[in-house]
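The structure appears below as structure tokens.
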Amino acid sequence: MYIDEAKKKFNSLRNKSDITILSFESSCDDTAVAVVKNGREVLSDVISSQIDIHKRFGGVVPEVASRNHLLAVSNLTNQALADAGKTIEDIDAIAVTYGAGLVGSLMVTVNFAKSLAFATNKPLIKVNHIRGHIAANYLSHHDLQPPFVALVVSGGHTALLKVTDYNQSTLLGTTHDDAIGEAYDKVAKVLGLGYPGGPIIDKLSKTGKNNIQFIKSNYNKKELNFSYSGLKTSVINYINRMKQRGEEINIADVCASFQSQAIDELVVKTMSAATRNRCKTIVLAGGVACNSHLRSRMDEECKRAGLKLYYPSPIECTDNGAMVGAEAYYLIRGGLGLADLNLTPDSTINLKYSSI
Ligand code: KG4
Ligand code: ZN
């Protein structure tokens, strides 16, 4: 039986000195495959981005995304192994993101990874996308270890977590409505700037001024949840009002004002979470962790408060396969994450794990 053999191998991996993982990610519009050694060393990391395909629709079209994952995954797997100088025989375990994300997209690499695990009799490790984003920091920073407060900011997530150990975290706050990346993408769309909006707004903000007050920034510091729909709606209403009046919109000022106010909420609440949880280290993760304003504001605040700040390299902030391999490594060491062949995508998973 596959699962008996996989369990035996999985248990023996816990004490193996070196673990090499082949990992898959396709939760949104990037198909990504990587080979990662010991959770910290990226042997290869190949990504097929669909940005150019979805650009013309102004956002990700789920059905189109899954079809393109399907077209890409097989060749990317061969490339990831070749780039790492490995064959499938050298791989100790196969890891895959199984949620959260677009179900049709997740399904492609979940099924591919299941088939590969079955055909090669290797353990299959299921990885939570949000935890994968956090683990991307282990690839960039070899000295980083828990405990820390993590801020995960992407197109699908805005979450603050207290990470007490590699496999242990508590959710401190999340968004009541939109994710911050979603707000960036929507504002960019309304301004006619293209997709994905985050990097474009970030760039244009550098030439604009924070001179339009979209929201009042009197946050309750004890409340660690976020809300972005109010800010997003306020920006859209402003743009519509200006258009109705026939007034010229200063796009750079709109971008700078939106960005400054959106990032301010993240900074205030992340610093408050660290203070309240007596954490000396803060970690940023997810696509929005590329943001230059977030990075510089957090750098300043952490310096002032004497805290250590980590964020991944830009390529490891956005969706990638290596982060999945990093997270899977720590799951294996902790005896967690083993999946059977009934694994299915889950768009709404929480942050806990159990092993079968
Ligand atoms: O982590 P990611 O690749 O995918 C999800 O898990 O969602 O994040 C993509 C998101 C998009 O919303 C994109 O606009 C945003 O990250 N993003 C940025 C920047 N670079 C990417 N947002 C703000 N500033 C950036 N520099
Ligand atoms: Zn992501």
Side-chain angles (χ1 to χ4, degrees), residues 23-32 34 45 47-51 54-55 58-60 62 65 69 96-102 105-106 109 127-137 150-159 174-175 178-191 193-206 208 228 231-232 235 255-256 258-267 283-298 311-324 326-327 345 347-349 351:
S23 49
F24 294 90
E25 156 67 44
S26 70
S27 62
C28 189
D29 60 340
D30 290 308
T31 328
D45 192 5
I47 300 181
S48 167
S49 165
Q50 299 179 18
I51 285 180
H54 298 282
K55 237 178 197 165
V60 177
H69 288 313
V96 64
T97 300
Y98 76 110
L102 301 170
S105 286
L106 290 162
T109 45
V127 169
N128 180 313
H129 185 72
I130 303 177
R131 297 190 53 105
H133 270 304
I134 297 170
N137 278 279
L151 173 72
V152 186
V153 275
S154 72
H157 313 282
T158 310
T174 186
T175 179
D178 296 348
I180 183 164
E182 201 179 343
Y184 263 95
D185 294 340
K186 184 72 196 203
V187 166
K189 192 173 178 178
V190 175
L191 286 170
L193 298 177
Y195 171 84
I200 307 169
I201 291 182
D202 192 8
K203 195 167 165 214
L204 285 172
S205 293
K206 292 190 168 62
Y228 281 101
L231 173 61
K232 179 191 75 181
V235 178
C255 288
F258 162 75
Q259 169 151 296
S260 176
Q261 288 156 47
I263 297 297
D264 193 51
E265 182 170 357
L266 294 182
V267 174
V283 159
L284 309 180
V288 183
C290 288
N291 187 269
S292 60
H293 189 59
L294 173 64
R295 288 176 175 219
S296 68
R297 287 251 1 239
M298 285 301 300
Y311 37 76
S313 66
I315 190 82
E316 284 157 359
C317 283
T318 47
D319 292 347
N320 64 85
M323 70 185 201
V324 179
E327 173 63 7
S347 59
T348 57
I349 46 170
L351 293 153

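In each ligand, atom 1 is the first atom listed, and ligand 1 is the first ligand listed.
- Scored by the ring-ring contact (aromatic ring centres under 6.0 Å, His included) test, His69 finds no partners at all (sequence neighbours excluded).
- For the salt bridge (Lys or Arg N to Asp or Glu O under 4.0 Å) test, no residue two or more places apart in sequence or in another chain qualifies with Lys189.
- Remark: distances from the non-hydrogen atoms of Gln259 to ligand 1 are all 4.0 Å or more.
- Note on ligand 1: His133 sits in its first shell, one or more heavy atoms being nearer than 4.0 Å.
- Between Asn291 and ligand 1, at least one pair of N/O atoms sits closer than 3.5 Å.
- At least one heavy atom of Gly156 sits under 4.0 Å from some atom of ligand 1.
- Residue nearest to atom 13 (C) of ligand 1, selected from Val153, Ile180, Asp185, Asp202: Asp185 (by heavy-atom distance).
- Not a single donor-acceptor pair under 3.5 Å links the side chain of Tyr195 to the backbone N or O of His54.
- Not counting sequence neighbours, the partners of Phe258 by the ring-ring contact (aromatic ring centres under 6.0 Å, His included) test are Tyr184.
- With a 4.0 Å cut-off on non-hydrogen atoms, Thr318 touches ligand 1 through its backbone as well as its side chain.
- Side-chain contact check for Glu25 and Ser27: at least one donor-acceptor pair (N or O, by modelled atom type) lies under 3.5 Å.
- Without hydrogens or angle criteria, Asp30 side chain to Cys28 main chain gives no donor-acceptor distance under 3.5 Å.
- Atoms of the protein (N, O or S only) found under 2.8 Å from the Zn ion (ligand 2) are His129 NE2, His133 NE2, Asp319 OD1.
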